[in-house]
Participant: 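I'd like to ask you about the structure that follows.
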Amino acid sequence: MPLAMTNNKKADYDLALSELMRQDPTLLTQEQKEQHLLPLFNFLHQHHQQHCSEYQNIVAANEQQISATNVDALPFLAVRLFKQLKLSSIAPEDIFKVLQSSGTTSQTAAQVILDKDTSARQSKTLVNILQRTIGKQRLPMLIIDSPNIVKDPKFSARAAGIQGLAFFGRDHAYALDDNMQPNWPVIEAFCEKYHEQPVLIFGFTFMLWAYFIQALKQQNRQLDLSQAIVLHSGGWKKLEAQKVDNVTFKAAIKQRIGALKVHNFYGMAEQVGTIFVECSHGHLHAPLLADVIVRNPYDMSVCGIGEQGIIQVLSALPTSYPGFSLLTEDMGRVTQIDTCPCGHLGKTISIDGRLPKTEVRGCSDTQAGATV
């Protein structure tokens, strides 16, 4: 049963969050999940009204109620606001990290303000989600990027993504050199050492395709990593323009790497931790501490199952900044509720692309000059 909020609301929030994280996603229906999430979202709504003047002004201007009676009625911010405003619900001295979303030189990067509690909460949740996909054992890890990206003092979303995922691996090897070319000696040494055991490969989708898979194809190389688990995310817009869909992408990976499993995931810098991971049946699942709503772009009404609209993502994690309910610039649809053959209950989604006339902003879209 969901935990009731008392006068000590922050303590109740922490307890309810921990209780929900312990739930089994194969047993908790969407209706039951929303019963757990709604008090958490209402707490965050009230918390950010009290501690973030910009959020308070936006809510007041829209005559938003103090609390919502269902998840669909919760307020939401346009994700673009994080590029235009420094939205924070903590004192300057409590800032632990400022995460900047990816952006090209012509774009303004979003700023996400983190304190230690929010950062720890996000890390713990990410572990909880990914261990259900890749297991609890830390695997040898091949990262499809250059090691320089994590050395840059400007903490980008791309670097944060790599650092966050690197936690799940060991004996890390970077597959690309400083010029974004395959570092064949490193790749070959990794394959020679680990070809007979499970390994983890991570790369942002477009970079994995453009700099790694295509390089293997051009040199007619195949890697012996038949027990590899491949995780990737972002950058689909460029691949769609080249007529590369998810089926084609997976087939090419399995042909060139021999991977055992390939999992896409959907997430963003503004809601680190609550990622939507693709299951064995190819469906992106909303995690336990997050939810998703698809809204009609013309009147913001809630779309039915299978109807295309703008994706709104909700996360129960951020207390340091008002990013718990965000209207993205992505188009998609809810594809199932409680009916996925993999057994994971709740909502599944598909991502159809960007809203027309919005900038490309994915983590892997920021590497200029890529050709395939």
Participant: Taking all atoms of both residues into account, what is the closest heavy-atom pair of D171 and K193, and its distance?
Facilitator: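 Heavy atoms only, the tightest pair is OD2-NZ, 3.1 Å.
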Participant: Side-chain contact, heavy-atom cut-off 4.5 Å: K10 with F43?
Facilitator: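 Contact flag for K10/F43 side chains = yes.
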Participant: For the NZ atom of K254 and the NZ atom of K250, what is their distance to the nearest 0.5 Å?
Facilitator: 6.5 Å
Participant: Check whether any side-chain heavy atom of L87 sits under 4.5 Å from a side-chain heavy atom of L77, and report yes or no.
Facilitator: yes
Participant: Could you check F202 against F168 for side-chain contact (heavy atoms from CB on, under 4.5 Å), going step by step and ending with a plain yes or no?
Facilitator: CA-CA 10 Å; F202 170 69; F168 298 91; over 6 Å; no
Participant: Can you tell me if T125 and N128 form a side-chain donor-acceptor pair at under 3.5 Å?
Facilitator: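 No, because no side-chain N or O of T125 sits under 3.5 Å from a partner of the opposite role on N128.
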Participant: Taking the side chain as C-beta and beyond, is there a heavy-atom pair between M141 and I201 under 4.5 Å?
Facilitator: no
Participant: Would you say Q222 has more than 12 foreign heavy atoms packed within less than 6.0 Å of its CD?
Facilitator: yes
Participant: With side-chain contact (heavy atoms from CB on, under 4.5 Å) as the criterion, how do F324 and H47 come out once you've worked through the C-alpha distance, each side chain's angles and the decisive distance to 0.1 Å?
Facilitator: CA-CA 11 Å; F324 74 98; H47 169 81; over 6 Å; no
Participant: If you define the side chain from C-beta out and look only at heavy atoms, does anything of V71 sit under 4.5 Å from L314?
Facilitator: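 In contact.
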Participant: Return yes if a side-chain donor-acceptor contact under 3.5 Å exists between Q214 and Q218, otherwise no.
Facilitator: no
Participant: Kindly indicate whether the side chain of R256, heavy atoms from C-beta on, has any atom under 4.5 Å from the side chain of N220.
Facilitator: yes
Participant: Could you check whether Q50 and Q46, counting side-chain N and O atoms only, form a donor-acceptor pair closer than 3.5 Å?
Facilitator: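 On atom types as modelled, these side chains do not qualify, holding no pair under 3.5 Å.
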Participant: Could you label the plane-to-plane angle of the F276 and Y266 rings as parallel, tilted or perpendicular, counting under 30° as parallel and over 60° as perpendicular?
Facilitator: perpendicular
Participant: F212: which residues meet the ring-ring contact (aromatic ring centres under 6.0 Å, His included) condition with it, sequence neighbours left out?
Facilitator: none
Participant: Closest heavy-atom contact between G306 and R333?
Facilitator: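 Smallest heavy-atom distance, with atoms named: O-NH1, 3.1 Å.
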Participant: Could you tell me which residues satisfy side-chain hydrogen bond (donor to acceptor under 3.5 Å, both in side chains) with T29, sequence neighbours excluded, listed by chain and number?
Facilitator: Q32
Participant: Could you label the plane-to-plane angle of the Y211 and F206 rings as parallel, tilted or perpendicular, counting under 30° as parallel and over 60° as perpendicular?
Facilitator: perpendicular
Participant: Is there side-chain contact between H281 and T348, with heavy atoms separated by less than 4.5 Å?
Facilitator: no
Participant: Heavy atoms only: give me the nearest L317-T274 pair and the separation to one decimal.
Facilitator: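 Minimum heavy-atom separation between L317 and T274: CD1-CG2, 3.7 Å.
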Participant: Would you say the side chain of H285 lies within less than 4.5 Å of the side chain of C342, judging by non-hydrogen atoms?
Facilitator: yes
Participant: With rounding to the nearest 0.5 angstrom, report the CD1 to CD1 distance, I349 to I311.
Facilitator: 4.5 Å
Participant: Mind checking the OG-CG spacing from S146 to D178? Nearest 0.5 Å is all I need.
Facilitator: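 Output value for this atom pair is 4.5 Å.
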Participant: Tell me the closest heavy-atom pair linking T118 and T319, and the distance in Å.
Facilitator: OG1-OG1, 3.1 Å
Participant: Minimum heavy-atom separation for V79 to T328, with atom names?
Facilitator: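 Here V79 and T328 meet closest at CG1-CA, 4.0 Å.
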Participant: Counting only heavy atoms not in E192, do more than 12 sit closer than 6.0 Å to its CD atom?
Facilitator: no
Participant: Calculate, to the nearest 0.5 Å, the distance between atoms CE and CD belonging to M331 and Q308 respectively.
Facilitator: 4.0 Å
Participant: Aromatic ring centroids of H232 and F249 under 6.0 Å?
Facilitator: yes
Participant: Show your working on side-chain contact (heavy atoms from CB on, under 4.5 Å) between D330 and R354 and close with a plain yes or no.
Facilitator: CA-CA 5 Å; D330 296 317; R354 306 288 295 164; 2.5 Å; yes
Participant: Flag yes if F82 and L85 sit in one hydrophobic cluster, no otherwise; membership is Ile, Leu, Val, Met, Phe, Trp, Tyr, and two members link when side-chain heavy atoms are under 4.5 Å apart.
Facilitator: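 Yes, F82 connects to L85 through the hydrophobic network.
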Participant: Taking all atoms of both residues into account, what is the closest heavy-atom pair of A286 and H344, and its distance?
Facilitator: O-CE1, 3.8 Å
Participant: Report the C-alpha distance between M300 and Q312 in whole Å, list the side-chain angles of each, state the deciding distance to 0.1 Å, and finish with yes or no for side-chain contact (heavy atoms from CB on, under 4.5 Å).
Facilitator: CA-CA 10 Å; M300 291 294 110; Q312 175 191 349; over 6 Å; no
Participant: Are Q336 and H283 close enough that a side-chain donor and a side-chain acceptor fall under 3.5 Å?
Facilitator: yes
Participant: Compare all side-chain heavy atoms of I143 with those of H172 and state whether any distance is below 4.5 angstrom.
Facilitator: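 Yes, at least one pair of side-chain atoms sits under 4.5 Å.
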